[in-house]
Student: 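Structure provided below as structure tokens; questions to follow.
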Amino acid sequence: MRTPIYPLHAKLGARFVDFAGYDMPVMFTSILEEHEAVRNAAGVFDVSHMSNVWLRGPDAAAALGKTMMCDATKVPVGGTKYTAVLRDDGTIIDDLYVFRPTEKDYHIVPNAGMNKEVCDWISSKTGTRVEDVTTETCIIAFQGPKAKDMMGRVSGYDPALIKPFRCVDAPRLGKGAFISRTGYTGEDGFELFVPAGSGIGIVERILEAGKSHGVRPCGLGARDTLRLEKGYCLAGHEFAAGVTPLQAGLDRFVNWDHDFIGRKALERQKAALPNRLVGVKVSGRGIPRQGCKIVAGGKVIGTLTSGTMSPTLKVGIGLGYVPPQHTARGTKVDVMIRDSAVPAEIAEIPFL
């Protein structure tokens, strides 16, 4: 599959990879250059491979609240909330953002390829109608310290009116369009949810406005190094083995003031977590990758779920699950990289 912005990516010389069934740009020039552009100026990402789903009407908030660990009834108009959809045993089906750009409508963004599973789960558990508009929608992430200065020129909306982790209805960008002050790079920035036919024009406006400010088109490669430096979990990596939000370090996003599917399982697990997500910082040579074993005392205690060379810190970093007795910051471990034990230690998340 291809997103509606694919022709522009090809014109800009993107190198493509398959990601969740989509031909997605992994880079345009280099991952390092694009990473540094986002940390120091701004970058624009096509994240239209993500899923887009509307829940409308008086039952929407209750349906979301029942199937997710956030209480959607507490999300104000113009609010957003990071949350997760849970199974009965408390394990994560998918993590996502809930947006409420208007009084009656909620928009959720499951991960790429997760739209059907999440929609079916919500419908089967609540009987609520969901509207999957994934193929009709573009998501453009404009991220970096200079994004705010240019946002008004490219969108026609005053960025000062869009507070962090808030969203605004944006009908001038098309039917159903809205803008949120969110992202997954750890930098200030915006995400524009617009009709598919508007995507290319908006990206071109951003690149034109940012030409003299160091703004670059960016691919999934930089998106991954950016999110990993901030310790953000990624579906298919940190959630692949059926873990709960308590294990994944998402405790602060669990709203215990409402009833939801998986709550009882989480309450039981509170007393004794079998393992927990930690950060790992490598001090020796080598780049840690997903699948590398974490070793302590000559025994394998876990596996990295993500890993990379941090462009900012210039050291190898990773995420992985280990038993509780190995989670203390500074605990010495080894990471097996190409059959060699490379010295490392348990590090605080985020790494930056």
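Sequence positions, counted from 1, serve as the residue numbers for this chain.
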Student: Output yes when a side-chain donor or acceptor of Glu136 lies under 3.5 Å from a complementary backbone atom of Val133, and no otherwise.
Tutor: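 Looks like no, no N/O pair under 3.5 Å.
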Student: Under 3.5 Å, which donor-acceptor pairs link side chains of residues 67-78 to any protein atom two or more places apart or in another chain?
Tutor:
| residue | atom | partner | partner atom | Å |
| --- | --- | --- | --- | --- |
| Thr67 | OG1 | Ala63 | O | 2.9 |
| Thr67 | OG1 | Leu64 | O | 3.4 |
| Asp71 | OD1 | Thr73 | N | 3.1 |
| Asp71 | OD1 | Thr73 | OG1 | 2.6 |
| Asp71 | OD2 | Thr73 | OG1 | 3.3 |

Student: Does this structure show an ion pair linking Asp188 with Arg181, if we count only N-O contacts that are shorter than 4.0 Å?
Tutor: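 Between Arg181 and Asp188 there is a salt bridge, with a charged N closer than 4.0 Å to a carboxylate O.
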Student: Has Ser48 got a side-chain atom pairing as donor or acceptor with Cys138's backbone, closer than 3.5 angstrom?
Tutor: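 Side chain of Ser48 to backbone of Cys138, a donor-acceptor pair under 3.5 Å: no, none is there.
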Student: Going by distance alone, is a donor N or O of one side chain under 3.5 Å from an acceptor N or O of the other, for Thr29 and Arg216?
Tutor: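 Distance-only check passes for Thr29 and Arg216.
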Student: Just say parallel, tilted or perpendicular for the rings of Phe178 and His107, cut-offs at 30° and 60°.
Tutor: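 Ring orientation, 0 to 90° scale: perpendicular.
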Student: Taking the six-membered ring for Trp, are His258 and Phe260 closer than 6.0 Å centroid to centroid?
Tutor: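 Aromatic pair counts; centres sit under 6.0 Å.
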Student: So if I apply the side chain to side chain contact (heavy atoms under 4.5 Å, CB included) rule between Val278 and each of Ile346, Val333, Leu319, Thr331, which one comes out positive?
Tutor: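 Result for side chain to side chain contact (heavy atoms under 4.5 Å, CB included) with Val278: Ile346.
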Student: Give a yes or no on whether the backbone of His237 and the side-chain of Gln290 come within a donor-acceptor separation of less than 3.5 Å.
Tutor: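 Here the side-chain-to-backbone pair does not exist.
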Student: Can you confirm whether the side chains of Thr3 and Asp46 place a donor and an acceptor under 3.5 Å from each other?
Tutor: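 Note: Thr3 and Asp46 side chains meet the donor-acceptor criterion.
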Student: So if I apply the ring-ring contact (aromatic ring centres under 6.0 Å, His included) rule between His49 and each of Tyr6, Phe16, Phe19, which one comes out positive?
Tutor: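 For His49, the ring-ring contact (aromatic ring centres under 6.0 Å, His included) test succeeds with only one of Tyr6, Phe16, Phe19, which is Phe19.
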Student: Picking from Arg263, Lys264, Lys125, what satisfies salt bridge (Lys or Arg N to Asp or Glu O under 4.0 Å) with Asp88?
Tutor: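 Among the candidates, only Lys125 passes.
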Student: Examine distances only and state if a side-chain atom of Arg205 and a backbone atom of Val154 form a donor-acceptor pair shorter than 3.5 Å.
Tutor: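 Checking the backbone N and O of Val154 against the side chain of Arg205, a donor-acceptor pair under 3.5 Å is found.
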Student: Do Phe99 and Phe193 have their ring centres less than 6.0 Å from each other?
Tutor: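 Close enough - the centres of the two rings lie under 6.0 Å apart.
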Student: Please determine whether salt bridge (charged side-chain N to carboxylate O under 4.0 Å, His left out) holds for the pair Glu267 and Lys270, giving the CA-CA distance in whole Å, both sets of side-chain angles, and the decisive distance to 0.1 Å.
Tutor: CA-CA 5 Å; Glu267 289 175 336; Lys270 270 184 178 181; over 6 Å; no
Student: Looking at residues at least two apart in the chain, or sitting in another chain, which of them share a salt bridge (Lys or Arg N to Asp or Glu O under 4.0 Å) with Arg2?
Tutor: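 Expected list: Asp23.
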Student: Tell me whether the count of non-hydrogen atoms from other residues, nucleotides or ligands lying under 6.0 Å of NZ in Lys299 goes above 12.
Tutor: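 No.
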Student: Taking side chain to side chain donor-acceptor pair (under 3.5 Å) as the cut-off, I'd like each qualifying pair that reaches into residues 144-168, sequence neighbours left out, listed once.
Tutor: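 Every pair satisfying side chain to side chain donor-acceptor pair (under 3.5 Å) with a residue in residues 144-168: there are none.
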Student: For Gln143 and Glu191, which I'm curious about, is there any donor-acceptor pair between the side chains at under 3.5 Å?
Tutor: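 Their side chains do not contain a donor-acceptor pair, so the 3.5 Å distance test is not met.
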Student: Which atom pairs, one a donor and one an acceptor, fall under 3.5 Å between side chains of residues 228-235 and the rest of the protein, sequence neighbours left out?
Tutor:
| residue | atom | partner | partner atom | Å |
| --- | --- | --- | --- | --- |
| Glu229 | OE1 | His35 | NE2 | 3.1 |
| Glu229 | OE1 | Arg39 | NE | 3.2 |
| Glu229 | OE1 | Arg39 | NH2 | 3.0 |
| Glu229 | OE1 | Thr312 | OG1 | 3.1 |
| Glu229 | OE2 | His35 | NE2 | 3.3 |
| Glu229 | OE2 | Ser310 | OG | 2.7 |
| Glu229 | OE2 | Thr312 | N | 2.9 |
| Glu229 | OE2 | Thr312 | OG1 | 3.0 |

Student: Could you pull out all residues at least two apart from Arg227 that satisfy salt bridge (Lys or Arg N to Asp or Glu O under 4.0 Å)?
Tutor: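 Per chain and number, Arg227 pairs via salt bridge (Lys or Arg N to Asp or Glu O under 4.0 Å) with Asp224, Glu238.
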Student: Mind checking salt bridge (Lys or Arg N to Asp or Glu O under 4.0 Å) for Lys116 and listing every partner two or more places apart, or none if nothing turns up?
Tutor: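 Listed in chain order: Asp120.
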Student: Counting only N and O atoms by type, is there a donor-acceptor contact under 3.5 Å from the side chain of Asp94 to the main-chain atoms of Asn111?
Tutor: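 Checking the backbone N and O of Asn111 against the side chain of Asp94, a donor-acceptor pair under 3.5 Å is found.
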